[in-house]
Amino acid sequence: MGKPLRWPLGVASQSLVGRKICGVRRRGKYLLVDLDQGLLLLHLGMSGSLNFAPTQAEAGPHDHMDLVTDRGVLRLHDPRRFGAVVWAPSEDSPQAQKLLGRLGVEPLNGQFDVTAFADALKKRQSAIKQVLLAGDVVVGVGNIYASEALFMAGIRPTTKAARLSRPRVARLQKAIVEVLTRAVQQGGSSLKDFVSAEGRTGYFQLEAAVYGRAGEPCRVCSTPIKSMLQGQRTTFYCPVCQKP
DNA sequence: CCATATACCTGGCAGC
DNA sequence: TGCTGCCAGGTATATG
């Protein structure tokens with residue numbers, strides 16, 4: 001079914017026959033499907049989507065996995081194949097920790113602490129945007145939301161993380177929580193081919209303050225939004241609202 | 001330990 | 001019209 005994803009499953013798919021799904025969790029951008037024996041780690045990459053249907057339909061070229069249960073079929077569709085499905089014997093196993101072990105704190109579970117965030121940033125000499133993207137301090141902040149959160153916090157993306165004052169770190173922490181919360185409420189961002197489980201695209205991009213708006217007027221001060229490359233990724237910012 | 005670069009992949013689009 | 005080439009995204013891995 002389809003071409004291989006990013007990594008092999010790590011176990012014969014036959015060995016999953018008869019397993020029971022005990023629960024589903026999330027860690028960073030990984031979905032954890034707990035089984036009565038081991039767990040599955042799913043990642044949607046940038047173009048993956050999950051669909052749950054009563055019966056198994058014919059697979060298209062970008063369908064990579066059907067998890068057939070007695071309640072229906074969970075299908076993973078991923079045109080660009082950045083996604084993954086990996087089986088691990090437990091969350092503490094080397095297989096799982098290789099993927100989950102270095103993840104930073106969850107921004108939306110109430111444990112995203114300003115003091116710990118400030119301490120972590122003090123140790124990093126690279127640009128704040130790159131630290132956010134690295135995912136080892138805080139998870140969930142991808143390229144779009146990094147630009148948006150830094151705009152909301154009034155921080156230039158190139159500012160060295162270690163040089164941010166405590167009040168600015170506090171602003172950034174609040175901005176990250178607010179940007180992600182609003183994005184989730186609106187169903188995520190759709191640039192090209194994102195589709196939710198319900199088949200809807202996200203609407204966050206309709207209100208992006210800076211992302212994808214190079215040359216357009218800042219919604220606050222009307223200065224043209226600038227774009228630049230940081231670590232092979234495009235960053236958008238307002239040169240007036242965001243201070244170094 | 002930290003920082004930066006690279007690879008992976010393919011649909012969509014600009015430009016010729 | 002059809003081709004080429006570039007771009008977008010997340011993150012493991014390699015290299016400095």
Net bend of the helix from dC2(B)-dG16(C) to dC16(B)-dG2(C), end axes of five pairs each, nearest 10 degrees
50°

Are any of Ser126(A)'s side-chain N or O atoms less than 4.0 Å away from OP1 or OP2 of dC2(B)?
no

I'd like to check Val86(A) versus His43(A) (side-chain heavy atoms, cut-off strictly below 4.5 Å). Are they in contact?
no

Pull out every protein N or O sitting under 3.5 Å from an N or O of nucleotides 6-10 of chain B, one pair per line with the distance.
| from | atom 1 | to | atom 2 | distance (Å) |
| --- | --- | --- | --- | --- |
| dC9(B) | O4' | Arg80(A) | O | 3.4 |
| dC9(B) | O3' | Arg81(A) | NH1 | 3.0 |
| dT10(B) | OP1 | Lys3(A) | NZ | 3.3 |
| dT10(B) | OP1 | Arg81(A) | NH1 | 2.4 |

I want to check something: taking the side chain as every heavy atom from C-beta on, are Val138(A) and Leu132(A) in contact at a cut-off of under 4.5 Å?
yes

Interatomic distance where CG belongs to Leu133(A) and P belongs to dA12(C) [whole Å]:
13 Å

Separation of Arg124(A) atom CZ from dC1(B) atom P, in whole Å?
12 Å

Return yes if a side-chain donor-acceptor contact under 3.5 Å exists between Arg166(A) and Thr115(A), otherwise no.
yes

Are OP1 or OP2 of dT13(C) and a side-chain N or O of Lys98(A) less than 4.0 angstrom apart?
yes

Distance check needed: dA8(C) P versus Leu44(A) CG, whole Å only.
21 Å

Between Arg25(A) and Glu91(A), is the salt bridge (Lys or Arg N to Asp or Glu O under 4.0 Å) condition met? List the steps.
CA-CA 11 Å; Arg25(A) 299 175 286 149; Glu91(A) 191 175 348; 2.9 Å; yes

dA8(C) OP1/OP2 closer than 4.0 Å to side-chain N/O of Ser47(A):
no

dT4(B) P sits how many Å from Lys129(A) NZ, rounded?
13 Å

